[in-house]
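All figures in this text were calculated on a predicted structure; none of them were measured in a lab.
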Amino acid sequence: MHAGSPITPLSLALSREASVVAGGADVIAVLEPPADTGFGDLATNVAMILAGSSRRNPRELADELVQRIGAAGGLGGYVESAVVAGPGFINLTLSPRWFADAARTIVVAGDAYGRGQAEPRERILIEFVSANPTGPPHVGHARQAAYGDGVARLLEYAGHDVTREFYVNDWGRQMDLFGASVAARYGQLMGLATEVPADGYQGDYVVGVAERIRDEVGDAFRDRVDPPDAEARALFTALGRDMMLATMTDELERFRVRFDAFASETTFHAGGAVTRGLEALVRSGDAYEQDGALWFRTTAYGDEKDRVLRRSDGSTTYLAADVAYHLDKAGRGGDRLLDILGADHHGYIARLRAVVAAGGHDPGMLEVPIVQLVSLIEGGEARRMSKRAGTLVTLGELVDDIGVDAARFFLVQRSHETAFDLDLDVARAQGNENPVYYVQYAHARIAGILMQEPAAPAAAPPPAAIDPSERALLISLARWPQVVDEAARRRSPHRVAAFLMDLARDFHAFYHRCRVVGEAPEVVAFRLDVLRATRSVIATGLGLVGVEAPDRM
RNA sequence: GCGCCAGUAGCUCAGUCGGAUAGAGCGUCGGUCUACGAAACCGAAGGUCACAGGUUCGAAUCCUGUCUGGCGCGCCA
């Protein structure tokens, strides 16, 4: 049951009849495309559902329901025939009037067709990508960005109030190492024999960071980097952080991913929020001292073991900052928190949930979708990537290679729960082996026809006959509101991509069987609506996965 | 050893709160441009849905067990 779908009136009318057959029980008849299009346009298993509760023969119930459909004038003239098949399915063949009305409805709704299906509407804070600003974003970040932004767009379209947030992990050991690495490279630029720490950042981009710092400060720190003093370390770390964060956001923006807010780990430390968070946990009895360290009793909330918040040397762990951050997020008054994490962080979920629960919030408000790994295939072989050796493929390189549209479509096409291999040869292809162009081409083709501005009569009756390809196309279009709803509820933008492939296929088949220009007036009128409706839904769907809908290619 | 995710066509993957003969793209084979864009369409071949039990009118889907792969199991982040 989805507002705006041309299937909904049918479903409601059928539900009324089914309730009567069931003796007054409340029934919802779900209408879906049948397994085989030869069976009809839509099918329902409602008789089989009723058979279960009323202990009656499903086929007998179906027969009765079919009679009532006939008596009800074919559900308002929309049903041409209804037949019982198989174990008790009812197959409906719809009338030309339904198809004409459906196309018109979608055209009139335009971009709003499918929008606002969410119930109830929520204020959702979605955090994703969140990385150490110690290097450029890589392919793994790209998948998380494509997924996180896809979910955000989907939730917005479904009617939720969404905020995209990037948590900057700009504090701690990794940042210190990064700062030391930058300082060493700066020293080398000054002609010194400084060396990047063995466990530091070896990538060439660090040289670039050092060069830009040299351009700013000149040789002022020449004598302070071998070894670097505290002030020098802080400066190189801070400048490096700013540059890398700027690189990340620039690259992500080029990838069509923008954030509404940034949260800095350093800020939580500097502002005292980390200390206050730990004190709150101690006060509530959720944290305790042992062996000189401060422990978070996460086992009380389902974790397998307790976790250290403050080490015996007095320094705080990553988790301590996340306590502050998540208490902050949970306390902002929204309904739901989404943390998009990579597969290597899934062991962290129980800890985050414990933070939310210990803060007195419903732990159910926190959802943590896990994005599995993506690897690159080229020439039939896995492309080796190592962060240490600096051979990671960056987001920027990926975009330069295959383009934003292909990158986003490929990365969001597969369920985030599945580790998958991205074949660069296929993604790079400009031709027919590339799925993203298959969908875009459908959009461009429609634009091409509409640009000819074919004339149509203002008000035309439905055409006498509807082609099978038109039936398939309209039924697909009618499913869109439900696709949006399911994809949003399940945080699964890949369902949008899969739908677009189906829709494009239906359109291309229609295109080859049905002409628009030069047909009878009522046929032209109908098919123009079909074209406009299809173009609108494709454009909307592509927009939800961050891909452009070109008028020509 | 424990936890999470996965195992579906030659390859990459959809489909998983039970429904009819299990799908798509790529690849392979064969057709289709003197009519709106052939970046397209039509057709064919290709499957023990990892395996074994169970639940029921009906299981790729739910339950149990087994096998295989990825990731994780730190006073790292």
Side-chain angles (χ1 to χ4, degrees), chain A residues 32 34-36 38-39 43 45 48-49 51-52 57-58 85-89 91 130-132 134 169 171-175 177 199 265 290-295 304-305 307-319 321-322 342-350 370-373 375 377 380 410 413-423 425-427 429-442 444-452 454 469 490 492 494-495 497-499 501-502 504-505 507-519 527 531 552-553:
Chain A
E32 288 177 330
D36 188 319
F39 294 151
N45 65 350
M48 287 145 76
I49 303 285
N57 184 314
F89 288 100
N91 293 322
S130 296
N132 279 316
T134 56
N169 295 141
W171 197 86
R173 177 179 152 75
Q174 291 305 317
M175 284 312 293
L177 272 173
D199 46 359
E265 189 178 354
Q290 186 180 314
D291 303 331
L294 183 68
W295 296 73
E304 10 178 85
K305 55 167 91 165
R307 310 290 174 171
V308 171
L309 291 163
R310 193 179 58 229
R311 305 183 187 94
S312 46
D313 68 0
S315 63
T316 51
T317 62
Y318 178 82
L319 177 59
D322 247 337
D344 53 343
H345 284 72
H346 77 254
Y348 208 68
I349 298 175
I370 295 296
V371 179
Q372 296 295 326
L373 301 184
S375 16
I377 302 285
F410 269 81
Q413 199 182 7
R414 272 67 210 253
S415 163
H416 62 282
E417 301 183 302
T418 303
F420 87 104
D421 298 328
L422 196 168
D423 191 327
D425 298 316
V426 173
Q430 295 289 311
N432 53 6
E433 62 262 56
N434 197 329
V436 66
Y437 297 120
Y438 185 80
V439 178
Q440 290 183 315
Y441 183 52
R445 258 185 160 171
I446 297 171
I449 300 171
L450 293 178
M451 253 181 292
Q452 300 182 10
S469 66
R490 301 170 72 150
S492 296
H494 81 273
R495 284 164 182 271
F499 170 82
M501 288 295 288
D502 287 342
R505 189 177 325 110
F507 168 74
H508 287 307
F510 159 79
Y511 176 86
H512 277 269
R513 286 180 58 93
C514 301
R515 292 189 55 76
V516 178
V517 179
E519 296 291 317
R527 288 182 179 163
L531 289 179
R552 54 181 59 198
M553 300 169 61

* Asked: Distance check: side-chain N/O of A:Tyr437 vs OP1/OP2 of B:rG37, anything under 4.0 Å?
  -> no
* Criterion side-chain contact (heavy atoms from CB on, under 4.5 Å) on A:Asn169 and A:Gln174, from CA distance to verdict -> CA-CA 9 Å; A:Asn169 295 141; A:Gln174 291 305 317; over 6 Å; no
* Asked: Taking only N and O in the side chain of A:Tyr438, is any of them less than 4.0 Å away from OP1 or OP2 of B:rA24?
  -> no
* **Polar side-chain atom of A:Thr418 near backbone of A:Phe420 as donor-acceptor pair, under 3.5 Å** => no
* For B:rC26 versus B:rC36, give the span between their P atoms, rounded off to a whole number of Å. => 23 Å
* To do: Check RNA chain B for consecutive Watson-Crick or G-U pairs with both distances under 3.5 Å and list the runs of at least three as stems.
  => B:1-7 with B:67-73, B:10-13 with B:23-26, B:28-32 with B:40-44, B:50-54 with B:62-66
* To do: Go through the structure and list residues passing ring pair (Phe, Tyr, Trp, His ring centres under 6.0 Å) with A:Tyr511, not counting sequence neighbours.
  => none
* **Contacts of A:Phe499 that satisfy ring pair (Phe, Tyr, Trp, His ring centres under 6.0 Å) - sequence neighbours left out** => A:Trp480
* Structure fact -> Separation of B:rG25 atom C1' from A:Gln413 atom CD, nearest Å, is 7 Å
* Without swapping roles, check the side chain of A:Thr134 against the backbone of A:Met175 for a donor-acceptor pair under 3.5 Å. => no
* To do: Measure the distance from CZ on A:Phe410 to C1' on B:rA14 and round it to the nearest whole Å.
  => 14 Å
* Asked: Between B:rC73 and B:rU28, how far is it from one C1' atom to the other, in whole Å?
  -> 45 Å
* To do: Please lay out, stage by stage, how A:Ile377 and A:Leu422 fare under the test side-chain contact (heavy atoms from CB on, under 4.5 Å).
  => CA-CA 6 Å; A:Ile377 302 285; A:Leu422 196 168; over 6 Å; no
* Structure fact -> Applying ring pair (Phe, Tyr, Trp, His ring centres under 6.0 Å) to A:His508 and not counting sequence neighbours gives A:Tyr438, A:Tyr441
* Asked: From B:rA24, B:rG15, B:rG37, pick the nucleotide closest to the side chain of A:His494?
  -> B:rG15
* Is there a donor-acceptor pair under 3.5 Å between the side chain of A:Asp423 and the backbone N or O of A:Asp425? -> yes
Each nucleotide N or O in nucleotides 18-20 of chain B that has a protein N or O under 3.5 Å away: list the pair and distance.
from   : atom 1 : to      : atom 2 : distance (Å)
B:rA20 : N6     : A:Asn91 : OD1    : 2.7
B:rA20 : N1     : A:Asn91 : OD1    : 3.2
B:rA20 : N1     : A:Asn91 : ND2    : 3.1

* Just by distance, do the side chain of A:Thr317 and the backbone of A:Leu309 share a donor-acceptor pair under 3.5 Å? -> yes
* So what does A:Ala444 touch, heavy atoms closer than 4.0 Å: a base, only the sugar-phosphate, or nothing? -> base
* Structure fact -> From CZ of A:Phe499 across to C1' of B:rG23 the rounded distance in Å is 16 Å
* To do: Round to a whole Å and report the spacing from CZ of A:Arg495 to P of B:rA24.
  => 18 Å
* Structure fact -> Here the distance between atom C1' of B:rC36 and atom CG of A:Leu531, to the nearest Å, is 9 Å
* **A:Ser315: partners by side chain to side chain donor-acceptor pair (under 3.5 Å), with sequence neighbours left out** => A:Arg311, A:Asp313
* If you measure from the C1' atom in B:rC49 to the same atom in B:rC62, how many Å do you get, rounded? -> 16 Å
* Start at the 5' end of RNA chain B and walk down; is the nucleotide closest to A:Met501 or to A:Ile449 reached first? -> A:Met501
* Could you give the CZ-to-C1' distance, from A:Arg414 to B:rG7, as a whole number of Å? -> 16 Å
* Which is it for A:Cys514 and A:Ser469 under the side-chain contact (heavy atoms from CB on, under 4.5 Å) test, yes or no, and what are the steps along the way? -> CA-CA 8 Å; A:Cys514 301; A:Ser469 66; 3.6 Å; yes
* **Inter-nucleotide C1' distance (B:rA59, B:rC51), Å rounded** => 16 Å
* Backbone N/O of A:Gln290 and side chain of A:Trp295: donor-acceptor pair under 3.5 Å -> yes
* Structure fact -> Contacts of A:Arg307 meeting side chain to side chain donor-acceptor pair (under 3.5 Å) (sequence neighbours excluded), chain-then-number -> A:Asp303
* Is B:rC33 in the syn or the anti form, by the rule that syn lies within 90° of 0? -> syn
* To do: Could you tell me the separation between the NE2 atom of A:His508 and the P atom of B:rC33, rounded to a whole number of Å?
  => 20 Å
* To do: Indicate yes or no for a side-chain donor-acceptor contact from A:His346 to the backbone of A:Ala343 under 3.5 Å, with no hydrogens or angles considered.
  => yes
* Pairwise C1' distance, B:rC67 and B:rG53 [rounded to whole Å] -> 15 Å
* Structure fact -> Its contact letters, B for base, S for sugar-phosphate only and - for none at protein heavy atoms under 4.0 Å, make nucleotides 69-77 of chain B read --BSSSBSB
* B:rU56 to B:rA45 separation - P atoms, rounded to the nearest Å -> 37 Å
* To do: Show your reasoning for whether side-chain contact (heavy atoms from CB on, under 4.5 Å) applies to A:His416 and A:Gln372.
  => CA-CA 6 Å; A:His416 62 282; A:Gln372 296 295 326; over 6 Å; no
* Pick the nucleotide of RNA chain B nearest each of A:Glu417 and A:Arg490; which residue has the one closer to the 5' end? -> A:Glu417
* Asked: Considering only the C1' atoms, how many Å lie between B:rC71 and B:rA24, rounded to the nearest integer?
  -> 28 Å
* Asked: Who pairs with A:Arg490 by salt bridge (charged side-chain N to carboxylate O under 4.0 Å, His left out), at least two apart in sequence or on another chain?
  -> none
* Asked: How far, in whole Å, is B:rG47 from B:rG10 if one measures between their P atoms?
  -> 7 Å
Please produce a list of atom pairs where a protein N or O lies less than 3.5 Å from an N or O of nucleotides 59-61 of chain B.
none

Sub-3.5 Å pairs of nitrogen or oxygen atoms, protein against nucleotides 42-46 of chain B:
none

* Determine the contact category for A:Ser415: base if any of its heavy atoms lies under 4.0 Å from a base atom, sugar-phosphate if only primed atoms, P, OP1 or OP2 are that close, otherwise nothing. => sugar-phosphate
* **Test item: A:Arg445 and A:Ile449 side chains (from C-beta on) under 4.5 Å apart, heavy atoms** => no
* **Residues which pass ring pair (Phe, Tyr, Trp, His ring centres under 6.0 Å) with A:Tyr348, listed by chain and number, not counting sequence neighbours** => A:Tyr318
* Return the value, rounded to whole Å, for the distance between atom CD1 of A:Ile446 and atom P of B:rA39. => 16 Å
